[in-house]
Novice: 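Right, I'll just put the structure down here and ask away after.
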Amino acid sequence: MSSASWHARISCGRDTGAGFLVTERHVLTCAHVVARRDTDSVAVSFAHGGYEEIPARVVAHGGWDGRESDPGDLAVLELDRPVPLKPAEFATPTDAYGDPPRRLLAYGFPKRYDEGTLAEYRATARQLIAGEWVQLESWAAHGQPLAPGFSGAAVTLADTGRVVGMVSAAARSPEIRNGRMLPAQVMARYWPRLADLIPTPDYDQQQKEHLRHLLRQLDQPTSAAPAPTGAPEYGPERLYQDAVGPLGPPLPPHRFTSLWDAAWYLLSEVPDPAAVTRFTARLADFVDDTPTRTALRAWPSAPQAHRPDPAPGRPSRGAARDAAHTWSPILVEIAPSGSGDGSFLVEVSAYNGGHRRVVGSRRLPVDRVRPYTLERIDEAYRELSVGARELLAFVLPRRWLNTDVAHWQRSADDDSPLGSFAPLVVLDLERRRSGGLQHKLRQKWQYLDERPAARLHRIDCWSVGQDQVKLTIGLRRDADMVGFATPPRADRVRRLFQASLNAAVPVMLWPRTGCRGEHRCGESGDCRGAEFLDRLAEHLAKLPPRELPRFVHELRETAYASDAPEPHWAYDLALLWEDPECLPDPTGYLHNPVG
């Protein structure tokens, strides 16, 4: 400690304080020490390097605005020239605290001590005061108090000389021997470069550099997808909560002032490397940073989503689902942009262990929706583990539910239908955004998990005259699956589709083409729709609903490969299948989080 040459004396007009060298040209001190920098020059000298003063200027500031209780009392000084002194070294964020307490030293420049003097203190507790300061109390009942001239002094561990913080305030009376320290990890909130110097044992330097790189890109609005009209704001606190999960550490007492503030809090205060991985992945999605996405595969992966403990005497729904091999969905959400220009918002996400990662998000004209979606789906597969059971889930506006997404050519080099490549389902956009209907769906699935098979309710071609309200109420009570004999093209059929959707029926099946339900097909005894429903009952009605995407996929494979002169009955089979627990977080991350 006696040979540390990086302790600095700061002069700004008539004010004097302390500081410490952290790079060959940068010195940290309190903002209030250089409060007169606009009218008086700032100079720095080093306690063990002679008393020659070196001019300096303030290049970063914590935002302190003049009151003692204001946060951000940090200033970064840049020297006119580099100095040949070894900079200070930092301890980890937890090293200042222990039982018994650790002895801390501060090197300040009070009145009549131009060469500096030492004060011995300890941290009262690790808890931050107002999310900003640690309280210091005197190590002994005598000795040097934190008098004026100690502001900006490095607080170091007595046994290693490593820095744990900076003196920012002291009691007004020498008889009250306490003060405040700005911990090193709090200083890094205001000057991100400092994070590179503070050891974080759970994270390596490359992870910090990736985060800094992404945050620099997010400072440029043109580097991310344009914000959709009417999209909600997703700031640092929402992204933090998404990263730590529902059982992770709560938000800190201080509000995050920036994305960097949230990122650094994860690095320095949250002992969960997977949370940092998820946070970084979100940022990489926003700026479409493929190299960082590639690097993320070597980072700790996200843990499995938490499921609540079951009630006594009954297995939880999570336990029932864990008994089977669960789905790893790739979610495609296509929604009108709301701008009235005929464009759509397209977002593709991959789920890994219950955590959703956005692969791509763009506002596109209608003719670009299909190629963009297929490219992002192919990219989303990189996020799935080798043993994952993929599920392609298209969330579509209600008027698009009959779109032939299962027949889309998989890629420019593969003519096979997308529905033959993986299990594929559609979901209704309006229902997915309804909290009430999502709640009813969860209740329905809890009921279905206790049953070996689901009940199929038939809506034949000649049933299109049913009352919509009565059908909704009846299906809500009695139906697990609804099979339609006709596609939702005619107005009368669309009304019955809406009734089924509003009844929170989790599974709906129909033929994309065929009878429109405009004639009384039942009188003739020859109805393609009735034959379709008979086949559904034969092949699917007795199966567990959770596995229907797999069985429908097998049917599609058979239909696409059939050489029969007539199309296979399942060739145009459409499946709406919605399980909120399989596809959590219905509100997507649709725009740059800086806002």
Side-chain angles (χ1 to χ4, degrees), residues 315-330 387-394 401 405-406 417-428 431 440-460 475-487 497 500-501 503-512 514 528-562 567-583:
S316 70
R317 177 155 183 234
R321 293 179 63 90
D322 290 341
H325 197 170
T326 54
W327 298 106
S328 293
I330 293 174
R389 280 181 34 176
E390 71 267 40
L391 174 69
L392 302 180
F394 280 75
L401 281 177
V405 289
L418 191 60
S420 68
F421 188 73
L424 186 151
V425 300
V426 297
L427 295 83
D428 176 59
R431 186 166 82 168
K440 291 294 184 184
L441 280 168
R442 291 187 185 93
Q443 290 179 330
K444 179 69 75 171
W445 277 105
Q446 188 174 37
Y447 167 79
L448 289 176
D449 278 337
E450 298 174 351
R451 296 172 60 88
R455 299 164 295 178
L456 174 66
H457 180 92
R458 294 173 59 122
I459 298 182
D460 289 280
L475 292 178
R476 189 174 292 153
R477 182 180 61 243
D478 298 326
D480 306 326
M481 298 193 299
V482 172
F484 284 83
T486 182
F497 257 69
S500 301
L501 292 168
V505 176
V507 181
M508 297 167 59
L509 305 107
W510 68 93
R512 283 193 52 259
R528 286 178 57 188
E531 180 186 355
F532 175 82
L533 293 178
D534 290 342
R535 298 280 192 155
L536 281 184
E538 177 186 351
H539 287 85
L540 301 178
K542 301 301 182 182
L543 299 174
R546 191 185 307 115
E547 290 301 306
L548 280 177
R550 174 169 68 88
F551 290 112
V552 169
H553 175 58
E554 293 171 356
L555 278 173
R556 284 173 174 153
E557 287 182 314
T558 301
Y560 296 147
S562 173
H568 189 279
W569 72 271
Y571 182 80
D572 260 338
L573 171 63
L575 170 63
L576 184 147
W577 182 94
E578 183 172 10
D579 178 357
E581 284 196 11
C582 179
L583 296 161

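Please read these numbers as outputs of a predicted model, since none were measured by experiment.
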Novice: Pair Thr558, His568 - check side-chain contact (heavy atoms from CB on, under 4.5 Å), show working.
Specialist: CA-CA 8 Å; Thr558 301; His568 189 279; 4.0 Å; yes
Novice: Give me the atom names and distance for the closest heavy-atom approach of Leu540 to Met481.
Specialist: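 Between these two residues, the closest heavy atoms are O-CE, 4.2 Å.
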Novice: Shortest non-hydrogen contact from Met508 to Phe497?
Specialist: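 Heavy atoms of Met508 and Phe497 come nearest at CE-CD2, 3.7 Å.
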Novice: Restricting to side-chain contact (heavy atoms from CB on, under 4.5 Å), what partner residues turn up for Ala422, sequence neighbours left out?
Specialist: Tyr381, Glu390, Leu392
Novice: Would you please name every residue forming a salt bridge (charged side-chain N to carboxylate O under 4.0 Å, His left out) with Arg455, sequence neighbours left out?
Specialist: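 Salt bridge (charged side-chain N to carboxylate O under 4.0 Å, His left out) list for Arg455, sorted by chain: Asp480.
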Novice: Does a salt bridge link Lys444 with Glu578, judged by any charged N lying under 4.0 Å from a carboxylate O?
Specialist: no
Novice: Ignoring hydrogens, what is the shortest heavy-atom contact between Pro487 and Pro511? Give both atom names and the distance.
Specialist: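 Result for this residue pair: CB-O, 3.1 Å.
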Novice: Go through it in stages, so that I can follow the logic: the residues are Trp445 and Cys582, the test is side-chain contact (heavy atoms from CB on, under 4.5 Å), and I'd like the CA-CA distance, side-chain angles, deciding distance and then a yes or no.
Specialist: CA-CA 11 Å; Trp445 277 105; Cys582 179; over 6 Å; no
Novice: Taking the side chain as every heavy atom from C-beta outward, state whether Leu573 and Leu509 have any atom pair closer than 4.5 Å.
Specialist: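 Result yes, sub-4.5 Å side-chain heavy-atom pair found.
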Novice: Go through the structure and list residues passing side-chain contact (heavy atoms from CB on, under 4.5 Å) with Ala393, not counting sequence neighbours.
Specialist: Leu331, Val425, Leu427, Leu583
Novice: Quick check: closest heavy atoms across Gly483 and Leu536, and the distance to 0.1 Å?
Specialist: CA-CD1, 4.2 Å
Novice: Does some side-chain heavy atom of Asp572 sit less than 4.5 Å from a side-chain heavy atom of Pro567?
Specialist: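 Answer no - side chains too far apart.
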Novice: Mind checking what makes salt bridge (charged side-chain N to carboxylate O under 4.0 Å, His left out) contact with Glu554, not counting sequence neighbours?
Specialist: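 Applying salt bridge (charged side-chain N to carboxylate O under 4.0 Å, His left out) to Glu554 gives Arg550.
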Novice: With a 3.5 Å distance limit and no angle check, can you tell me whether Arg556 reaches the backbone of Leu424 through a side-chain donor-acceptor pair?
Specialist: yes
Novice: Which distance, rounded to the nearest 0.5 Å, do you find between the CZ of Arg546 and the OG1 of Thr326?
Specialist: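 Reported to 0.5 Å precision, the distance equals 9.5 Å.
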Novice: Report the distance from atom CH2 of Trp510 to atom CZ of Phe532, rounding to the nearest 0.5 Å.
Specialist: 9.5 Å
Novice: Phe551: which residues meet the ring-ring contact (aromatic ring centres under 6.0 Å, His included) condition with it, sequence neighbours left out?
Specialist: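 None.
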Novice: Of all the heavy-atom pairs spanning Ile459 and Leu533, show the shortest one and how long it is.
Specialist: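 It is O-CD1, 3.8 Å.
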Novice: Yes or no on side-chain contact (heavy atoms from CB on, under 4.5 Å) for Arg458 and Asp534, after CA distance, side-chain angles and deciding distance?
Specialist: CA-CA 9 Å; Arg458 294 173 59 122; Asp534 290 342; 2.7 Å; yes
Novice: Rounded to the nearest 0.5 Å, what separates atom CG in Leu555 from atom OH in Tyr571?
Specialist: 14.5 Å
Novice: For His553, which residues count as a side-chain contact (heavy atoms from CB on, under 4.5 Å) partner, sequence neighbours excluded?
Specialist: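 Testing His553 for side-chain contact (heavy atoms from CB on, under 4.5 Å), a comparison that skips the adjacent residues, returns Pro423, Glu557.
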Novice: May I ask you to test the Trp577-Val552 pair for a side-chain heavy-atom distance under 4.5 Å?
Specialist: no
Novice: If you look at every heavy atom in Arg431 and Leu576, which pair is closest and at what distance?
Specialist: NH2-CD2, 3.3 Å
Novice: Would you call Val507 and Leu575 a side-chain contact if the rule is heavy atoms closer than 4.5 Å?
Specialist: yes
Novice: Aromatic rings His539 and Trp569: how do their planes relate, parallel, tilted or perpendicular, breaks at 30° and 60°?
Specialist: tilted
